[in-house]
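Reviewing the structure listed below.
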Amino acid sequence: SQKYTAIGLLGKATDTLDATGRVTEEKPYDQITKGDLENVLQKFTGDIMQVPPLYSALKKDGERLSTLMKRGEPVEAKPARPVKVYSISLQQFQPPLFTLDVECGGGFYVRSLVSDIGKELSTCATMQELTRTKQGPFTLEEHALYEDKWTIDEIARSLEHCMSLLPGEPSHKKLKTENPGGTAVSCE
């Protein structure tokens, strides 16, 4: 499973569902209470159906949807698909901002969740910030290597520790990173 901390912004929607996009809608949000937000989270927990965002790494004819969208080509919404949400908790509510901790299965889009929460509250919402705090056996707290430790020895030690948590023999597979530039880090 994966864990994320997401900051959502009420009252604004963007075409990408996050802060990088163009604002497509603005709606009032003053009527929303912390209780309203907490009640809505129940609806998005468990096995749910989710429509993936249009701007995403999902592909059509071998090209990322986000690339097609940027070229101005028409992109059809993908059908809703089943995703798993183990837990969502509201960490902070300072309107218009709210902070969620989300634990979910693969293929889940946190920015779709934030957008759907906005709709469910009869306003709109967009994701301001997203931090992945856990991926499989790795957690940010225990396994991240902070900048002051970026020495060859520390990096090697950290990699060794992380490799030991992975099942089976480490292969020479390329680890895909999330950055849009598409560069991969290879673990030899």
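Residues: numbered from 1 along the sequence shown. Excluded from the calculations below are hydrogen atoms, water molecules and symmetry mates; all remaining heavy atoms, backbone and side chain alike, are included.
Take V23 and apply the side chain to side chain contact (heavy atoms under 4.5 Å, CB included) test, not counting sequence neighbours, and it matches K12, T14, E26. For R71, the salt bridge (charged side-chain N to carboxylate O under 4.0 Å, His left out) partners two or more places apart in sequence, or in a different chain, are E63, E73. In this structure D36 satisfies the side chain to side chain contact (heavy atoms under 4.5 Å, CB included) test together with I32, T33, L121, sequence neighbours excluded. In this view, T20 and T16, D18 satisfy the side chain to side chain contact (heavy atoms under 4.5 Å, CB included) rule, not counting sequence neighbours. Scored by the salt bridge (charged side-chain N to carboxylate O under 4.0 Å, His left out) test, E120 finds K43 as partners (sequence neighbours excluded). Remark: E25 pairs with K27 by the salt bridge (charged side-chain N to carboxylate O under 4.0 Å, His left out) rule, at least two apart or across chains.
A donor and an acceptor atom, one from each side chain of E129 and T131, are nowhere located under 3.5 Å apart.
Heavy atoms only, all atoms of each residue included: Q128 and A19 are closest at OE1-CB, 3.8 Å. Among all heavy-atom pairs drawn from G105 and Y86, the shortest one is N-CE1, 3.8 Å. In terms of heavy-atom proximity, A125 sits nearest to G118 at CB-CA, 3.8 Å.
A distance of 9.5 Å separates CZ in F93 from CD in E38, rounded to the nearest 0.5 Å. Note: T133 OG1 to D101 CG = 6.5 Å, rounded to the nearest 0.5 Å. Considering OG of S1 and NZ of K84, their distance stands at 11.5 Å, rounded to 0.5 Å. The structure places SG of C104 at 9.5 Å from CD1 of I48, a figure rounded to the nearest 0.5 Å. Rounding to the nearest 0.5 Å gives a distance of 6.5 Å between CG of L37 and CG of L10. Note that NZ of K3 is 7.0 Å distant from OG of S87, once rounded to the nearest 0.5 Å.
More than 12 heavy atoms of other shown residues, nucleotides or ligands fall within 6.0 angstrom of atom CD in Q31.
Side chain of Q50 to main chain of Y109: a donor-acceptor pair is present (N/O by atom type, distance under 3.5 Å, no hydrogens or angles). Judged by distance alone, with hydrogens and angles left aside, the side-chain atoms of R81 form a donor-acceptor pair with the main-chain N or O of G107 at under 3.5 Å. A distance-only check finds a donor-acceptor pair linking the side chain of T123 to the backbone of P28 [under 3.5 Å]. S112 places a side-chain N or O within donor-acceptor distance of the main-chain N or O of V51, the cut-off being under 3.5 Å. Looking at T24, its side chain does come within 3.5 Å of a backbone N or O of A13 through a donor-acceptor pair.
Under the 4.5 Å side-chain contact rule for hydrophobic residues, F98 and L130 share a cluster. Each of L9 and L41 belongs to its own hydrophobic cluster when Ile, Leu, Val, Met, Phe, Trp and Tyr are linked at side-chain heavy-atom distances under 4.5 angstrom. Under a hydrophobic-cluster definition in which Ile, Leu, Val, Met, Phe, Trp and Tyr are linked whenever side-chain heavy atoms come within less than 4.5 Å, directly or via other members, L17 and V110 are assigned to different clusters.
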Next on the checklist: side chain to side chain donor-acceptor pair (under 3.5 Å) for Y4 and Q2? Distances and angles first, verdict last.
Outcome noted: CA-CA 7 Å; Y4 295 93; Q2 298 153 39; 2.7 Å; yes

Checklist entry - Which is it for F44 and I117 under the side chain to side chain contact (heavy atoms under 4.5 Å, CB included) test, yes or no, and what are the steps along the way? => result CA-CA 8 Å; F44 295 100; I117 286 171; 3.8 Å; yes

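Put simply, the side chain of T99 does not reach to within 4.5 Å of the side chain of L90, judged on heavy atoms. Looking at F108 and V85, their side chains come closer than 4.5 Å, going by heavy atoms from C-beta outward. You'll find the side chain of V114 stays beyond 4.5 Å of the side chain of T126, heavy atoms only. With a 4.5 Å cut-off on side-chain heavy atoms, T5 and Q91 do not count as touching.
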